[in-house]
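Just below is one structure, and these are the notes that go with it.
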Amino acid sequence: MTKIALITGASRGLGAGLAEALAATHHIVAVGRTTGALEELDDRIQAAGGQTTLAPMDIINPDAMAQLCRSIYDRWGSVDVWAHTAAHAAPLSPADHIDAKAWEKSVDINVTATGRLISYVSPLLTPTSTAMFFEDSHTGEKFFGAYGATKTAQAALVKAWAAETAKSGPKVHLMQPKPMATALRARFFPGEDRSLLAPPREEAARLLATLNS
């Protein structure tokens, strides 16, 4: 029976790394906004012998995400792994100068969409399925108000879900990646020496290995 891995935020970075790492054992359903990046991911996975279903869409579109989950159910019935890596990195700014649109987008993607997706995807998960989320809150750090607040809210939601499903499943994990050479991090630390950062594919493999340790 085909194992299914749903990656929300698969276009690049950790999401793409997880998709490539899981493709050896799972059919990948790759969700992302950037069609070109998804097609490049598909090329890499196919070259390695894997298979993908590309879903170029925005996770803040509830109708699109509901239709995707329905399609997954109709085709495969369930999801074995769900990795949610999509995040919005609002520009750094003092808390009293956060741009209204940047704040709204941060809440929409980092909080509202996550809560909605949990309700949409959970019916696809079995007691032995795994859901993966990733902590990067920067809580209380100066200039990280919008990102820190919304990622902290996301983490609180995930921790609640993990506690609620601890005995019944699915297995819900809030994981802490090492600093990675991603476009999101480059927005926060543009002058950083990226040679010191973990490649997303290697960090994805490390995180997946911790699930089985």
Side-chain angles (χ1 to χ4, degrees), residues 7-20 30-38 40-41 56-62 64-65 82-118 131-162 172-207 210:
I7 315 294
T8 42
S11 299
R12 52 178 62 88
L14 181 60
L18 287 165
E20 291 184 71
V31 179
R33 289 181 299 172
T34 309
T35 301
L38 289 177
E40 291 173 2
L41 173 66
M57 59 184 64
D58 196 328
I59 63 166
I60 66 173
N61 183 328
M65 295 310 303
W82 173 32
H84 182 56
T85 65
H88 178 63
L92 299 181
S93 73
D96 58 349
H97 284 73
I98 295 173
D99 178 77
K101 289 184 178 179
W103 173 258
E104 182 177 355
K105 191 171 183 179
S106 297
V107 172
D108 284 347
I109 295 176
N110 298 343
V111 185
T112 304
T114 300
R116 186 184 294 124
L117 282 170
I118 288 173
M132 304 169 64
F133 300 83
F134 305 93
E135 196 161 24
D136 181 32
S137 67
H138 294 279
T139 302
E141 293 182 28
K142 61 182 182 180
F143 309 125
F144 277 92
Y147 184 76
T150 53
K151 285 293 287 183
T152 299
Q154 181 188 86
L157 179 60
V158 171
K159 288 176 181 177
W161 191 31
V172 178
H173 300 273
L174 181 62
M175 312 185 81
Q176 180 68 64
K178 295 178 182 178
M180 293 175 290
T182 62
L184 184 149
R185 187 174 177 87
R187 292 188 65 182
F188 291 150
F189 306 104
E192 190 174 32
D193 183 354
R194 292 171 70 82
S195 68
L196 303 177
L197 303 175
R201 175 67 187 273
E202 290 182 11
E203 185 59 10
R206 185 190 72 81
L207 291 168
T210 66

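FYI, side chains are in, hydrogens and waters are out, and symmetry mates aren't considered; it's all heavy atoms of this structure.
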Any donor-acceptor pair under 3.5 Å linking the side chain of E135 with the backbone of Q176?
-> no
Evaluation steps, side chain to side chain contact (heavy atoms under 4.5 Å, CB included), between H84 and V158 | CA-CA 11 Å; H84 182 56; V158 171; over 6 Å; no
Who passes salt bridge (charged side-chain N to carboxylate O under 4.0 Å, His left out) against R206, sequence neighbours left out?
-> E203
Scanning both residues in full, the closest heavy-atom pair of G15 with T85 reads CA-OG1, 3.4 Å
pair M65-T8: side-chain heavy atoms closer than 4.5 Å | yes
Atom NZ in K105, atom OG1 in T150: separation rounded to 0.5 Å?
-> 12.5 Å
Rounded distance (nearest 0.5 Å) linking atom CE of M57 with atom CG of L38 | 10.0 Å
Rounded to the nearest 0.5 Å, what separation is found between the OG1 atom of T34 and the CG atom of L41?
-> 11.5 Å
Please check if any side-chain donor atom of Y147 sits under 3.5 Å from a side-chain acceptor atom of D136, or the reverse.
-> yes
Determine whether I59 and V31 make a side-chain contact, defined as any pair of heavy atoms from C-beta on separated by less than 4.5 Å.
-> yes
Non-hydrogen atoms of A30 and A10 that approach each other most closely | CB-CB, 3.7 Å
Non-hydrogen atoms of R201 and G17 that approach each other most closely | CD-O, 3.6 Å
Heavy-atom distance under 4.5 Å between the side chains of M132 and M175, does that happen here?
-> yes
Approximate separation, where rounding is to 0.5 Å, of T139 OG1 and E141 CD = 8.0 Å
Residue set satisfying side chain to side chain donor-acceptor pair (under 3.5 Å) with R185, at least two apart, ordered chain then number -> E192
Spatial distance of atom CG (L157) from atom OG1 (T152) [nearest 0.5 Å] | 12.5 Å
Kindly give the heavy-atom pair with the smallest separation between S11 and R33, and that separation in Å.
-> OG-N, 3.7 Å
Would you say E104 has more than 12 foreign heavy atoms packed within less than 6.0 Å of its CD?
-> no
Would you say the side-chain atoms of T182 pair up with the backbone N or O of G13, donor to acceptor, closer than 3.5 Å?
-> no
To the nearest 0.5 Å, atom CG of L117 lies from atom CZ of F133 at 8.0 Å
Heavy-atom side-chain contact between F134 and L18 under 4.5 Å | yes
Minimum heavy-atom distance between W103 and G145, given as atom pair plus value | CZ3-O, 4.4 Å
Mind listing the side-chain donor-acceptor pairs of residues 87-101 below 3.5 Å, one per line with the distance, residues two or more places apart or on another chain?
from : atom 1 : to   : atom 2 : distance (Å)
D99  : OD2    : K101 : N      : 3.0
D99  : OD2    : A102 : N      : 3.0

Would you check if I118 and W82 make a side-chain contact, meaning some heavy-atom pair closer than 4.5 Å?
-> yes
Could you pull out the closest heavy-atom pair between A186 and R194, with the gap in Å?
-> CB-NH1, 3.3 Å
Quick one: does I60's side chain get under 4.5 Å of T112's, heavy atoms only?
-> no
